[in-house]
Q: 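I have a structure I would like to understand better, so I am pasting it below and will then ask my questions one at a time.
Residue numbering restarts at 1 for every chain, and letters A, B, ... go by the order of the sequence lines. Computed from a predicted structure; not experimentally measured.
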Amino acid sequence: MTVRTRFAPSPTGYLHIGGARTALFSWLFARKHGGTFILRIEDTDRERSTQESVNAILEGMTWLGLEYDEGPFFQTHRFDRYAEVVDDLLERGLAYRCNCSRERLDGLREKALAAKEKPRYDGHCRDGEVSADEPHVVRFKNPLDGIVVVDDLIRGRVAFDNTELDDLIIRRTDGTPTYNFTVVVDDLDMELTHVIRGDDHLNNTPRQINMIRALGKEPPQYAHVPMILGSDGQRLSKRHGAVSVMQYRDDGYLPEALLNYLVRLGWSHGDQEIFTIDEMIELFDIDQVNKAASAFNTDKLLWLNQHYIKDSDPLRIARLLSPHMGKLDIDPAQGADLVEVVKAQQERAKTLVEMADISAFAYKDFDEFDADAAKKHLRPVAREPLERVQAALSTLTEWSGEGILSCVTQVSEELGLNMGKVAQPLRVAVVGRAASPSIDVTLMMAGREATLRRIDKALAFIRAREAAA
RNA sequence: GCUCCCAUCGUCUAGCGGUUAGGACGCCGCCCUCUCACGGCGGUAACAGGGGUUCGAAUCCCCUUGGGAGUACCA
């Protein structure tokens, strides 16, 4: 039997972290077993579904590299099929028309709550004959007794009593089908073997199984993955910190870092933390997935992102970094070789946004010195070292790392100072702040002109300071 | 309220009857060092509580507590 899994988001928003992980697990499971991964858009809620969301979800999947083999299928394109199945159920007496009023339903609900019971439809129309000509919904005839067992790949055996379930609506008054029903029809029609989805669907599963059985079929295997919580331990939701996966791209994260982070959220393979995509596919196993919800932790994502930035081909990083430079009004083609910049900054940046920020000095002058750095390093004592190093640098016939370094060491030796006493003021003068790659690389990045010019500026700064003292 | 699910360091987790309860992120030291990083070394820190079962429980069972989900003519 070929494995067939699906990811079935509803297009009522962007692809968020939780959805992305569910998609990842489904995708990995299919890939591991040489199966098929299907994308299905559950857009039966026509009020809230938007094309914009569909695009956002597709874009997110693409960015993460979670390519699907079939789909995307849209449920709104399958209304004829759902109608057909509802009619069949109706004919076979496994579903019935119901015209109970909103008021009656509300009353039922209130009464149940007052009696400390679970609100349930009472089956009022179950045996009645509501005409197809009057407004009505169609309800599924849920078994009245017995238990439904969900053999969950992650949770184990979970049993529900049929008396806890009621006759759910499968077709609305306006003729459109409802979620729990379309899922059943689709999962069956698409011949899914494994349904991997969020924990929040566990309670829907017994109803779905009952419908599947009514349709004369056997349910697929289920695996309900736990939720992802926000860093505060609260549930991640659209209104609570669940940001779009595309936001992570914009914030300078690499897709492989996000994927690696996500796969370790709720799943593990011994003590291993770093997984290539191939390793994930090879090692992933659904029954190694944790049962407990887990909290999203940005620090760890940051660590992974840095790891992947550090380990990646500089050429690729440069390509990904480019748009972030653009946001800083920098055209990387004008100035230092971006690939060289990446090589110099690879182990200094946790995100591409940060890398762009700390590399800007190689392309344009900064507005002002970082206050702390200037206070500490652009002091009167730094004046002579700066003047000397500037003089030495200006005589360099070739602007090279070796030449730059020898200027700095030579000046520090002449003045009997530690190299830091020369390099730090020089660094602050050229970069505007106290941290940058090694001094030779830094000056190479800034270039001869900018270096000499900025030293002038730093010297002016020191003189002004002396004058003020 | 009712039904269902869950519970190991702050966080992600290993553990699947016998371990000094391991790793990772973070944090704190030290080393490296022209700064920042990287890297190396070391440290901090957990079995929610209570009952059982057992020669022996983080591991199995029950209860409590605490989280979460569902309870829609949403998905």
Q: With no angle test and no hydrogens, is the base of G23(B) tied to the side chain of Glu273(A) by a donor-acceptor pair under 3.5 Å?
A: yes
Q: Which nucleotide in the set C34(B), U11(B), A24(B) lies at the smallest distance from any side-chain heavy atom of Arg427(A)?
A: C34(B)
Q: Quick check on contacts: within residues 203-213 of chain A, what sits under 4.0 Å from RNA chain B by heavy-atom distance?
A: Asn203(A), Asn204(A)
Q: Under a 3.5 Å threshold, yes or no: a donor from one side chain and an acceptor from the other, between Asn204(A) and Tyr179(A)?
A: no
Q: If a pair satisfies ring pair (Phe, Tyr, Trp, His ring centres under 6.0 Å) and one of its residues is in residues 103-126 of chain A, list it, with sequence neighbours excluded.
A: none
Q: For the side chain of Ala292(A), starting at C-beta, report the closest nucleotide among G68(B), C6(B), A75(B).
A: C6(B)
Q: Paired with A72(B): which nucleotide, if any, by Watson-Crick or G-U wobble criteria at under 3.5 Å for both distances?
A: none
Q: Reckon Val158(A) touches a base, only the sugar-phosphate, or nothing at all at heavy-atom distances under 4.0 Å?
A: sugar-phosphate
Q: I need the CG-C1' distance between Asp106(A) and U71(B), as an integer number of Å.
A: 14 Å
Q: Does a side-chain N or O from Gln346(A) land closer than 4.0 Å to OP1 or OP2 of C38(B), or not?
A: no
Q: Using 4.0 Å as the upper bound for N to carboxylate O, is an ion pair formed by Lys300(A) and Glu273(A)?
A: yes
Q: Would you indicate which nucleotide in C2(B), C4(B), C34(B) comes nearest to any side-chain atom of Leu202(A)?
A: C4(B)
Q: Nearest to the Leu265(A) side chain among C4(B), C2(B), C12(B), which nucleotide is it?
A: C12(B)
Q: Do any side-chain nitrogens or oxygens of Thr44(A) fall under 4.0 Å of OP1 or OP2 in A75(B)?
A: yes
Q: Using 30° and 60° as the class limits, which term best fits the ring planes of Phe181(A) and Tyr82(A): parallel, tilted or perpendicular?
A: perpendicular
Q: Can you tell me how far P of C73(B) sits from CG of Asn180(A), to the nearest Å?
A: 11 Å
Q: I'd like a table of donor-acceptor pairs (distance under 3.5 Å, sequence neighbours excluded) in which one partner is a side-chain atom from residues 221-228 of chain A, with atom names and distances.
A:
{"unit_1": "His224(A)", "atom_1": "ND1", "unit_2": "Asp152(A)", "atom_2": "OD2", "d": "2.6"}
{"unit_1": "His224(A)", "atom_1": "NE2", "unit_2": "Arg197(A)", "atom_2": "NH1", "d": "3.3"}
{"unit_1": "His224(A)", "atom_1": "NE2", "unit_2": "Thr205(A)", "atom_2": "OG1", "d": "3.2"}

Q: Within the structure, does a side-chain N or O atom of Arg109(A) lie under 4.0 Å from either OP1 or OP2 of A72(B)?
A: yes
Q: Judged by modelled atom types alone, do Thr178(A) and Asn180(A) share a side-chain donor-acceptor pair under 3.5 Å?
A: no
Q: Return yes if the base of C36(B) and the side-chain atoms of Ser436(A) contain a donor-acceptor N/O pair under 3.5 Å, otherwise no.
A: no
Q: Of the options Arg207(A), Arg109(A), Lys141(A), Arg126(A), which is the one that meets Asp166(A) in a salt bridge (charged side-chain N to carboxylate O under 4.0 Å, His left out)?
A: Arg207(A)
Q: Provide the distance between the two C1' atoms, one in C73(B) and one in C4(B), to the nearest whole Å.
A: 24 Å
Q: Searching all strands shown, indicate the nucleotide that pairs with C16(B) (Watson-Crick or G-U wobble; both distances under 3.5 Å).
A: none
Q: For the side chain of Lys116(A), counting heavy atoms from C-beta on, which of G1(B), A69(B), C38(B) is nearest?
A: G1(B)
Q: Would you kindly compare His201(A) and Ala434(A) by the position of their nearest RNA chain B nucleotide and give the one closer to the 5′ end?
A: Ala434(A)
Q: Please tell me which of the listed nucleotides, A14(B), C12(B), A75(B), lies nearest to the side chain of Glu42(A)?
A: A75(B)
Q: Compare the minimum distances between each of U71(B), A75(B), U35(B) and the side chain of Ala435(A), then state the nucleotide with the smallest one.
A: U35(B)
Q: Of the candidate nucleotides U3(B), G68(B), C34(B), which contains the atom at the shortest distance from the side chain of Gln424(A)?
A: C34(B)
Q: When you check the gap from the basic side-chain N to the acidic O, do Arg78(A) and Asp189(A) get nearer than 4.0 Å?
A: yes
Q: May I ask you to verify whether the side chain of Arg155(A) and the base of C5(B) hold a donor-acceptor pair under 3.5 Å?
A: no
Q: Nearest to the Lys118(A) side chain among G23(B), U3(B), C34(B), which nucleotide is it?
A: U3(B)
Q: According to a strict under-4.0 Å criterion, is Ser294(A) in side-chain N/O contact with OP1 or OP2 of U13(B)?
A: yes
